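In this chain, residues are counted from 1 in sequence order. All figures in this text were calculated on a predicted structure; none of them were measured in a lab.
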Amino acid sequence: MLGIFLLISIPHTVAGDVSYSFPEEMKRGYVIGNVAKDIGLDISKLSSRNPRVDTEGNRKRYCDVNRLTGDLTVAERIDRDGLCGKKASCVLKQELILENPLQLHRINLHIQDINDNSPTFKKDVIKFEIRESAVRGAQFLLDPAGDADIEENSVKGYSLQANDHFVLKVHSRRDGDKYGELVLDKELDRELQEEVTLILTASDGGTPPRSGTVAIHVTVLDANDNAPVFSQDIYEASLPENAPVDTLVLTVTATDVDEGPNGTEVGIINVQDVDSEKNGQVSVLKNLNAV
């Protein structure tokens, strides 16, 4: 038994491209352009040719064509940032399909960025531990803010809330991205202030501009920058020359505003005939002789 195979070829034509440029995030029904007019279609015959729009490589249908007017309209939210990320050019390729006869027209949609995103930081709080002995001019690198928008709508500057200790220095990388450094302008003193909180603001170049903030929390670490201070400038005591060894002469006290090992109690050393422990008690070390 012989089988018969038929190969049917359906003739169709592919016309030249037509391009449109419009902002992202336009509402459904927004008229992009009159595609029938732009490619020279007979409006009176458009409906009978069953026009439809497909998106190349994507099941989502972003556009519709009005069969009566030939208008190409937005059918689905178009988010440039989600479609193209940081690419300088964002082109959404569509196909207008017509029947009787079968005909294809390529449509290139150039999606323009709008300033619909604010700068954001990776963390809610940027934390630093800085020793109070840090010198003026010490620099501390800050993580940059990110912005899903591009070009002028991306991050263009930083500002730091006025404070007593730090200023902000802003740098630009070769690709134009900006980042900041915290610069110590006035020395820290843990004994006066153990913590410093700052507010850093990132702003984009959109119109109107958008901004985002992050808190900077500085913990001031102790340095041994204070000497122990005795409670009196002079301590006086009297005792008989026959006072036995270990007789308590007097008790001295000293304080140190530093913390940890830097604030350790201080004993008295190299004082003839008496001994001092860390608790400040001074006692007879050996027999005294007034002569």
Donor on one side chain, acceptor on other, Arg210 and Asn153, under 3.5 Å:
no
Check the hydrophobic clustering (I, L, V, M, F, W, Y; side-chain heavy atoms under 4.5 Å; chains of links allowed) and say if Val214 and Val170 are grouped together.
yes
Does the side chain of Glu129 pick up a donor-acceptor pair with the side chain of Thr219 at under 3.5 Å?
no
Side-chain heavy atoms nearer than 4.5 Å, only ILVMFWY residues, links allowed to pass through others: does that put Ile114 and Leu92 together?
no
Inter-residue atom distance Gln94.CD - Asp17.CG, 0.5 Å rounding:
12.0 Å
side-chain hydrogen bond (donor to acceptor under 3.5 Å, both in side chains) against Thr73, all qualifying residues, sequence neighbours excluded:
none
Side chain proximity check, Leu184 to Phe166, heavy atoms < 4.5 angstrom
yes
Shortest non-hydrogen pair, Ile150 vs Gly85, comes out as CG2-O, 3.9 Å
Only one of Leu200, Val183, Thr201 forms a side chain to side chain contact (heavy atoms under 4.5 Å, CB included) with Leu168, so which one is it?
Leu200
Using 4.0 Å as the upper bound for N to carboxylate O, is an ion pair formed by Asp164 and Lys186?
no
In Å, rounded to the nearest 0.5 Å, how long is the span from CG of Asn66 to CD1 of Ile43?
9.0 Å
Distance-only, no hydrogens or angles: does the Asn34 side chain make a donor-acceptor pair with backbone N or O of Thr69 under 3.5 Å?
yes
Can you check side-chain contact (heavy atoms from CB on, under 4.5 Å) on Glu25 and Asp79, steps first, answer last?
CA-CA 6 Å; Glu25 302 290 355; Asp79 177 17; 3.6 Å; yes
In terms of side-chain geometry, is the basic nitrogen of Arg190 or Asp222 positioned less than 4.0 Å from the acidic oxygen of its partner?
yes
Heavy-atom count around Lys86 NZ within 6.0 Å, excluding the residue itself: above 12?
yes
Before accepting this row, confirm whether a basic side-chain N of the pair Glu99/Arg52 lies closer than 4.0 Å to the acidic partner's carboxylate O.
yes
Tested for side chain to side chain contact (heavy atoms under 4.5 Å, CB included) against Gln103, the lone hit among Ile39, Leu96, Leu98 is Leu98
What verdict does the side-chain contact (heavy atoms from CB on, under 4.5 Å) test give for Ser172 and Asp177, after you've listed the backbone C-alpha separation in whole Å, the side-chain angles of each residue and the deciding distance to 0.1 Å?
CA-CA 6 Å; Ser172 294; Asp177 287 348; over 6 Å; no
Within a radius of less than 6.0 Å around CZ of Arg173, do more than 12 heavy atoms belonging to other residues, nucleotides or ligands occur?
yes
Under the side chain to side chain donor-acceptor pair (under 3.5 Å) rule, what do Gln112 and Ser21 come out as? Steps first, then yes or no, please.
CA-CA 7 Å; Gln112 301 168 347; Ser21 180; 2.7 Å; yes
Under 4.0 Å between a side-chain nitrogen and a carboxylate oxygen: does that hold for Glu76 and Arg28?
yes
State, to 0.1 Å, how close Ala202 and Val155 come at their nearest heavy-atom pair, and which atoms those are.
CB-CG1, 4.4 Å
Contact between Ile216 and Phe128 at the side-chain level, heavy atoms closer than 4.5 Å - yes or no?
yes
With a 4.5 Å heavy-atom cut-off, do Val35 and Val65 have their side chains touching?
yes
Any side-chain heavy-atom pair of Glu195 and Val218 under 4.5 Å
no
What residue pairs, at least two apart or across chains, pass disulfide bond (SG atoms under 2.5 Å apart) with a residue in residues 76-151?
Cys84-Cys90
Aromatic rings Phe22 and Tyr30: how do their planes relate, parallel, tilted or perpendicular, breaks at 30° and 60°?
tilted
Might you point out which heavy atoms bring Glu187 and Ala134 nearest each other, and give the distance in Å?
CG-O, 3.9 Å
If you compare all heavy atoms of Arg80 against all heavy atoms of Ala88, which two are closest, and at what distance to 0.1 Å?
NH2-O, 3.3 Å
For Gly205 and Lys156, the nearest pair of non-hydrogen atoms, with its separation, is N-CG, 3.5 Å
Asp147 and Asn117: side chain to side chain donor-acceptor pair (under 3.5 Å), yes or no, with the steps?
CA-CA 7 Å; Asp147 194 323; Asn117 293 281; 5.0 Å; no
If we only count heavy atoms from C-beta on, is the Leu102 to Ile97 side-chain gap below 4.5 Å?
yes
From Lys93 atom NZ to Asn108 atom CG, the distance as rounded to the nearest 0.5 Å
4.5 Å
Glu95 and His105 side chains, donor-acceptor separation under 3.5 Å
no
Check whether any side-chain heavy atom of Glu191 lies under 4.5 Å from a side-chain heavy atom of Asp189, and answer yes or no.
yes
Pairwise distance CD(Gln193) to CG(Leu188) - rounded to 0.5 angstrom
8.0 Å
Less than 4.5 Å apart, any side-chain heavy atom of Ile199 and any of Leu160?
no
CG (Asp42) with more than 12 external heavy atoms under 6.0 Å
yes
Rounded to the nearest 0.5 Å, how far apart are CG of Leu182 and CG of Leu141?
10.0 Å
Any non-hydrogen side-chain atom of Leu142 less than 4.5 Å from a side-chain atom of Tyr158?
no
Smallest separation among heavy atoms of Met26 and Val74, with atom names
O-CG1, 3.9 Å
Worked check of side-chain contact (heavy atoms from CB on, under 4.5 Å) between Ile32 and Cys63
CA-CA 9 Å; Ile32 300 169; Cys63 298; 3.8 Å; yes
Look up atom CG in Asn100 and atom NZ in Lys45, then write down how far apart they are to the nearest 0.5 Å.
11.5 Å
Could you tell me if Tyr20 and Asp38 have a donor-acceptor pair between their side chains, going purely by distance under 3.5 Å?
yes
For a side-chain contact (heavy atoms from CB on, under 4.5 Å) check, start with the C-alpha distance between Arg49 and Leu41, then their side-chain angles and the critical distance, and finish with the verdict.
CA-CA 10 Å; Arg49 297 192 64 183; Leu41 294 177; 4.1 Å; yes
Among the clusters formed by ILVMFWY side chains lying less than 4.5 Å apart, do Tyr179 and Phe140 turn up in the same one?
no
Backbone N/O of Glu24 and side chain of Arg77: donor-acceptor pair under 3.5 Å
no
